[in-house]
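A quick note: this is a predicted structure, and the numbers were derived from the prediction, not measured. Chain A is the first sequence line, chain B the second, and so forth, proteins listed ahead of strands; every chain is numbered from 1.
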Amino acid sequence: MRAVHAKRRMAEAPVAARSDPAPVLAAAGREAKPSAADLLAWYDRHRRDLPWRARPGETAEPYRVWLSEIMLQQTTIAAVRPYFAAFLDRFPTVEALASASSEAVMSAWAGLGYYSRARNLHACARAVVAQHGGRFPDTEEGLRALPGIGPYTAAAIAAIAFGRPAAAVDGNVERVVSRLHRVEGDFAQALMDLGATICTPKRPACALCPWLGPCRARQAGLQENYPVKAPKREGLLRRGAAFVAVKPDGAILLRTRPPKGLLGGMAEVPTSEWRGDYDSAKAVLDAPFEARWRRAPGVVRHVFTHFPLELAVLVGRAAADAPAPEGMRWTSRAGLADEPLPNLMKKVLALALGEALPERPKAARRRG
DNA sequence: AACACGTGGGG
DNA sequence: TCCCCAAGTGT
């Protein structure tokens with residue numbers, strides 16, 4: 001039986017009223033217009049079952065929808081899955097998240113990347129609790145005013161959690177599409193699934209597409225040429241040195257990065273500056289204290305969005321009672337698990353200590 | 001209007 | 001290995 005909930009009915013009524021040919025014929029016709037009904041019929045059969053998604057007939061929880069949308073910004077579902085589960089377990093409600101410490105939130109996010117999202121997530125949770133009584137605004141405009149929620153995410157949450165007639169694409173496309181088809185409801189999610197499973201960047205599965213007929217790029221055989229991408233510049237390699245100071249009991253010297261910018265608010269071992277012309281042979285000059293620093297073999301390579309980085313790793317022993325230099329702290333080996341260490345720093349520690357740090361569980365491979 | 005901002009997986 | 005990218009936002 002076809003799963004249809006109230007939101008869908010509202011969405012379909014206007015679509016059915018349009019003057020297009022019947023959907024079945026439309027799908028086959030080469031010159032037919034793309035119909036929302038075709039897309040939604042496909043969605044009924046192929047919708048993905050995702051933890052943050054409501055089952056057919058159920059209502060999505062705004063907290064889950066919001067959390068998933070923030071995590072999914074520039075991030076794949078496979079990467080998000082385990083983090084989403086862990087977050088929900090640790091912060092079951094927006095109130096729990098709002099009252100958590102910044103360190104706890106950053107630690108839970110560590111490894112997911114784009115850490116400004118975590119800072120804004122926390123700020124958003126606190127705003128929802130303090131200014132909205134713990135309820136998310138149910139309009140695009142209200143959502144848009146919250147930290148970390150831009151035009152895309154506001155539309156996505158409004159549509160998915162509140163059934164608003166918002167297409168989660170940029171504002172211009174949304175306006176055109178919504179006027180063209182008078183669609184609403186879960187059109188947004190249907191479009192997302194189509195893009196994720198059929199209309200993929202490479203080798204799109206056109207034969208399975210509900211919009212095979214009307215697709216102009218496919219008709220021309222040029223589907224892989226779209227969308228046209230802007231050329232991106234190559235980031236220049238930067239180098240630096242990282243200093244892993246170890247006490248006899250295994251404690252490691254750490255500090256917290258400035259709240260904004262690259263890896264903002266995350267933990268790190270002290271490092272030199274990262275520069276294109278850095279000379280790691282003179283790295284000792286940048287050490288946090290005097291010691292017999294030993295160079296670990298090899299380097300740590302890491303690629304950020306806009307530049308690659310190579311870090312030399314130096315390991316030094318500190319006395320049991322050595323005080324932490326200004327702005328730094330000693331963290332026990334067990335305490336490392338609670339530190340918001342980005343993957344770059346996990347690589348550094350792994351190389352320095354000759355062992356992998358306890359990793360958070362990764363999601364099982366999953367297709368589609 | 002550009003640019004900064006992480007990471008892991010697939011081809 | 002190398003290159004590309006994946007549900008964008010903030011400045």
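Here A/W293 pairs with A/F243, A/F289 under the ring pair (Phe, Tyr, Trp, His ring centres under 6.0 Å) rule; sequence neighbours left out. Scanning for ring pair (Phe, Tyr, Trp, His ring centres under 6.0 Å) contacts around A/H306 gives an empty result, with sequence neighbours left out. Not a single side chain to side chain donor-acceptor pair (under 3.5 Å) links A/W330 to another residue, sequence neighbours left out. Judged as a ring pair (Phe, Tyr, Trp, His ring centres under 6.0 Å), and not counting sequence neighbours, A/Y278 has no contacts. When the ring pair (Phe, Tyr, Trp, His ring centres under 6.0 Å) test is applied to A/F84, the partners found at least two apart in sequence or on another chain are A/W52.
Backbone-only contact: A/K260 has heavy atoms under 4.0 Å from sugar-phosphate atoms and none from a base. Counting non-hydrogen atoms under 4.0 angstrom, A/G264 reaches nothing in the nucleic acid. Residue A/V80 is classed as having no contact, given no heavy-atom separation below 4.0 Å to the nucleic acid.
One can place CE of A/M106 at 9 Å from P of B/dG6, the figure rounded to the nearest angstrom. Rounded to an integer number of Å, the gap from CG of A/L263 to P of B/dA4 is 15 Å. Regarding A/W109, its CH2 atom lies at a distance of 11 Å from the C1' atom of B/dG6, rounded to whole Å. Protein atom CE of A/M266 is 14 Å distant from nucleotide atom P of B/dC5, rounded to whole Å. What separates CG of A/L344 from P of B/dT7 is a distance of 7 Å, to the nearest Å. Here the P atom of nucleotide B/dG6 and the CZ atom of A/F307 are 9 Å apart, to the nearest Å. At whole-Å resolution of the value, CG in A/L341 and C1' in B/dT7 are 15 Å apart. Summarising the geometry, the separation between CD1 on A/I149 and C1' on C/dG10 is reported as 14 Å, rounded to the nearest angstrom.
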- Task: Starting from the C-alpha separation in whole Å, work towards a yes-or-no answer on salt bridge (Lys or Arg N to Asp or Glu O under 4.0 Å) for A/R48 and A/D193.
- Result: CA-CA 7 Å; A/R48 292 168 294 174; A/D193 279 15; 2.4 Å; yes
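Side-chain nitrogen and oxygen atoms of A/H306 include at least one within less than 4.0 Å of the OP1 or OP2 phosphate oxygen of B/dC5. The side chain of A/Y115 places an N or O atom within less than 4.0 Å of a non-bridging phosphate oxygen (OP1 or OP2) of B/dT7. Remark: A/H302 is not in phosphate contact with B/dG6, judged by side-chain N or O atoms under 4.0 Å from OP1 or OP2.
Note on residues 83-107 of chain A: no pairs pass salt bridge (charged side-chain N to carboxylate O under 4.0 Å, His left out), not counting sequence neighbours. The stretch residues 285-303 of chain A participates, sequence neighbours left out, in these salt bridge (charged side-chain N to carboxylate O under 4.0 Å, His left out) pairs: A/R301-A/E310.
Straight-line distance between the P atoms of C/dA7 and B/dA4: roughly 22 Å, to the nearest whole Å. Taking atom P on both nucleotides, C/dA6 is separated from B/dC5 by 22 Å, rounded to a whole Å.
A salt bridge links A/D49 to A/R55: one of the charged nitrogens lies within less than 4.0 Å of a carboxylate oxygen.
Non-hydrogen atoms lying under 4.0 Å from DNA chain B are contributed by nothing in residues 269-278 of chain A.
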- Go along nucleotides 1-7 of chain C 5' to 3' and tag each nucleotide: B for a protein heavy atom under 4.0 Å from its base, S when only backbone or sugar atoms are that close, - otherwise. ---SSBB
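For the pair A/L112 and A/R203, nearest-nucleotide mapping onto DNA chain B gives the more 5' position to A/L112.
Below the 3.5 angstrom threshold, one finds no donor paired with an acceptor across the side chain of A/T153 and the base of C/dG8.
The side-chain contact (heavy atoms from CB on, under 4.5 Å) test with A/L97 is passed by exactly one of A/V129, A/V128, A/L121: A/L121.
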